Amino acid sequence: MPDPIELTKALIAAESVTPATGKVFDVLEAALLPLGFAVERFVAGEAPDGPVENLLAARGSAGRHFAFAGHLDVVPPGVGWTSDAFAPEVRGELLYGRGAVDMKGAIAAFAAAAARVETPGIVSLVITGDEEGPATYGTQKLIERMRERGLLPDLCLVGEPTSANRLGDTIKIGRRGSTIVWIDVPGKQGHVAYPHLADNPIPRLVKALAEIEEIVLDEGTDWFQPSNIEPTDVTVGNPAGNVIPGHASARLSIRFNDLHNGPALIERITGIVHRHAPLARVKGTTYGEAFLTEPGALSTLVQDAAEARLGIRPELSTTGGTSDARFLSKLCPVVEFGLVNATMHKLDEAVALADLEALTDVYEAVLKRVFAS
């Protein structure tokens with residue numbers, strides 16, 4: 001029976017900067033096989049977004065299907081760690097290492113919980129090596145494989161670190177969508193003393209950005225904060241003070257709730273830019289649409305399990321960035337519940353040993369409640 005702390009250590013020690021393949025999946029597979037899981041691993045994609053390894057493990061063949069989803073890839077550790085980011089180290093009551101919180105700890109906790117519970121239906125783990133990256137060949141490819149095998153879940157829990165201040169204070173029931181828009185306004189380079197012989201693109205870009213800045217997309221909804229458009233880069237790249245530049249560009253990041261969709265927002269931005277700069281090139285990419293799992297049976301079940309073990313009833317929230325739940329929400333009701341996120345992506349990422357044990361207990365209770373209901 002896997003110990004959540006020891007399994008977390010083993011997963012941390014298997015370096016897996018996104019996109020991940022290889023050893024870290026060996027570690028998880030070795031933990032799951034003795035528990036009766038049939039494990040399928042496959043590699044998808046090519047550079048630059050791949051190759052990516054994915055793992056689909058299932059136990060049981062009929063009945064209600066509960067899926068746990070997560071990722072074994074991690075962000076680069078960065079410089080300045082107290083100890084080696086991929087050499088797990090316990091100091092005091094904390095376990096340090098890249099991925100301890102986001103989210104190898106939760107995967108280890110779920111594997112340990114699954115070892116404790118005999119379930120009458122199907123339990124699966126949907127684990128990717130590409131959540132922190134483009135997510136092109138990760139969970140989306142796993143969903144394709146699940147469809148091919150007829151292994152679609154009825155309920156899904158994603159083990160992202162959702163807790164804000166203490167374990168169990170927050171469950172995510174949705175996420176805002178995310179769109180990036182790139183704008184390039186062409187002009188004609190020339191000497192500033194002869195502006196009639198040049199064409200300055202900066203005023204047109206500034207006017208377009210000023211109109212975009214005035215947009216109020218919405219005032220929020222019952223479950224989502226207001227959508228927002230944020231300029232994240234304005235570039236001219238002109239080192240000379242006496243030269244009118246030939247190009248001016250900008251980048252926008254849009255986080256939007258379920259009142260909007262990515263393509264429509266891109267179209268709206270494009271229309272504004274083209275009114276001020278008809279020859280501008282506008283390109284947009286939507287990395288995820290907004291989704292909401294309406295409060296109901298699944299969120300209540302997880303709230304009840306967490307409250308019984310932790311003495312705190314989690315709040316339901318849609319805050320934060322995107323996660324792979326945006327893909328899984330197309331299959332079934334999905335919520336996210338996991339460790340405290342205070343150190344994720346930071347130097348000296350760490351998880352409390354007590355939280356790993358407690359999260360395992362909560363996941364065990366979730367499994368029991370899913371198959372008792």
Side-chain angles (χ1 to χ4, degrees), residues 48-49 133-136 172-292 317-323 325-327 329-330 345:
D49 294 348
T136 304
K172 302 288 187 180
I173 60 170
R175 297 275 188 161
R176 293 196 297 172
S178 174
T179 289
I180 304 292
V181 179
W182 294 266
I183 303 166
D184 183 73
V185 179
K188 183 179 179 181
Q189 184 174 315
H191 197 293
V192 296
Y194 302 93
H196 58 288
L197 300 178
D199 180 17
N200 195 333
I202 295 176
R204 291 194 295 278
L205 177 61
V206 168
K207 290 176 182 178
L209 292 176
E211 183 173 342
I212 292 168
E213 179 65 21
E214 294 301 314
I215 294 174
V216 177
L217 289 173
D218 57 73
E219 300 296 335
T221 69
D222 289 343
W223 288 106
F224 285 98
Q225 65 195 89
S227 304
N228 63 298
I229 304 172
E230 298 296 334
T232 57
D233 186 49
V234 177
T235 302
V236 177
N238 180 15
N242 60 351
V243 174
I244 292 171
H247 284 271
S249 62
R251 183 181 64 225
L252 308 174
S253 179
I254 310 175
R255 295 299 172 103
F256 56 93
N257 58 39
D258 56 351
L259 296 176
H260 308 276
N261 65 77
L265 289 167
I266 294 169
E267 183 178 358
R268 183 172 180 181
I269 295 297
T270 300
I272 292 172
V273 172
H274 282 165
R275 281 202 298 273
H276 298 280
L279 299 180
R281 292 181 291 275
V282 182
K283 176 186 175 183
T285 299
T286 297
Y287 292 96
E289 296 287 355
F291 77 91
L292 176 69
S317 172
T318 62
T319 59
T322 58
S323 77
R326 67 190 188 271
F327 306 125
S329 65
K330 299 173 184 177
H345 293 203

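Computed from a predicted structure; not experimentally measured. Just so it is clear, the values below take in all heavy atoms, side chains as well, and ignore hydrogens, waters and symmetry mates.
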query: Would you find a donor on one side and an acceptor on the other, under 3.5 Å apart, between the side chain of T286 and the backbone of T179?
result: no
query: With side chains defined as the heavy atoms from C-beta onward, is the minimum distance between V273 and V181 less than 4.5 Å?
result: no
- prompt: For the atom pair CG (N257) and CD (E219), what is the distance rounded to the nearest 0.5 Å?
  reply: 10.5 Å
message: Taking A290's backbone N and O only, do any of them form a donor-acceptor pair with D258's side chain (distance below 3.5 Å, no angle check)?
response: no
statement: When every non-hydrogen atom of P201 is compared with those of V185, the smallest separation belongs to CB-O, 3.4 Å
- prompt: Is there a donor-acceptor contact under 3.5 Å linking the side chains of R251 and T232?
  reply: yes
field: Rounded distance [0.5 Å steps], NZ in K283 versus CH2 in W182
entry: 6.0 Å
Flag, side chain of R175 to backbone of G321, donor-acceptor distance under 3.5 Å: yes
- prompt: So, for R204 and H276, which heavy atoms are closest and what is the spacing to 0.1 Å?
  reply: CD-O, 3.0 Å
query: To the nearest 0.5 Å, what is the distance between CG (N228) and OG (S253)?
result: 7.5 Å
message: So H260 and I254, do their side chains get closer than 4.5 Å, heavy atoms only?
response: no
message: If you apply the rule side chain to side chain contact (heavy atoms under 4.5 Å, CB included), what do you find for F224 with L259, and how did you get there?
response: CA-CA 10 Å; F224 285 98; L259 296 176; over 6 Å; no
task: Measure the shortest side-chain to side-chain distance between H191 and L197 over non-hydrogen atoms and say whether it is less than 4.5 angstrom.
output: no
message: With rounding to the nearest 0.5 angstrom, report the CG to CG distance, D184 to L279.
response: 11.0 Å
task: Grab the two heavy atoms, one from I266 and one from T285, that are nearest each other, plus how far apart they are.
output: CD1-N, 3.9 Å
query: Is any side-chain heavy atom of P245 closer than 4.5 Å to a side-chain heavy atom of N200?
result: yes
field: Under 3.5 Å donor-acceptor, D49 side chain and A135 backbone
entry: no
statement: Distance col, row I215:CD1 vs I269:CD1, nearest 0.5 angstrom, shows 4.5 Å
query: If you look at every heavy atom in T322 and R255, which pair is closest and at what distance?
result: N-NH1, 4.3 Å
field: Closest non-hydrogen atom pair, S317 against T319
entry: OG-OG1, 2.9 Å
- line: What one should report as the nearest heavy-atom pair of Y287 and I180 is CE1-CG1, 3.4 Å
Within 6.0 Å of CD in E211, more than 12 heavy atoms from elsewhere: yes
query: Would you say the side-chain atoms of T318 pair up with the backbone N or O of W223, donor to acceptor, closer than 3.5 Å?
result: yes
- prompt: Hey, is the main chain of P226 close enough, under 3.5 Å, to the side chain of R176 for a donor-acceptor pair?
  reply: yes
message: Nearest 0.5 angstrom please: H247 NE2 to L205 CG, how far?
response: 12.5 Å
- prompt: When you measure from the side chain of N238 to the backbone N and O of V243, does any donor-acceptor pair fall under 3.5 Å?
  reply: yes
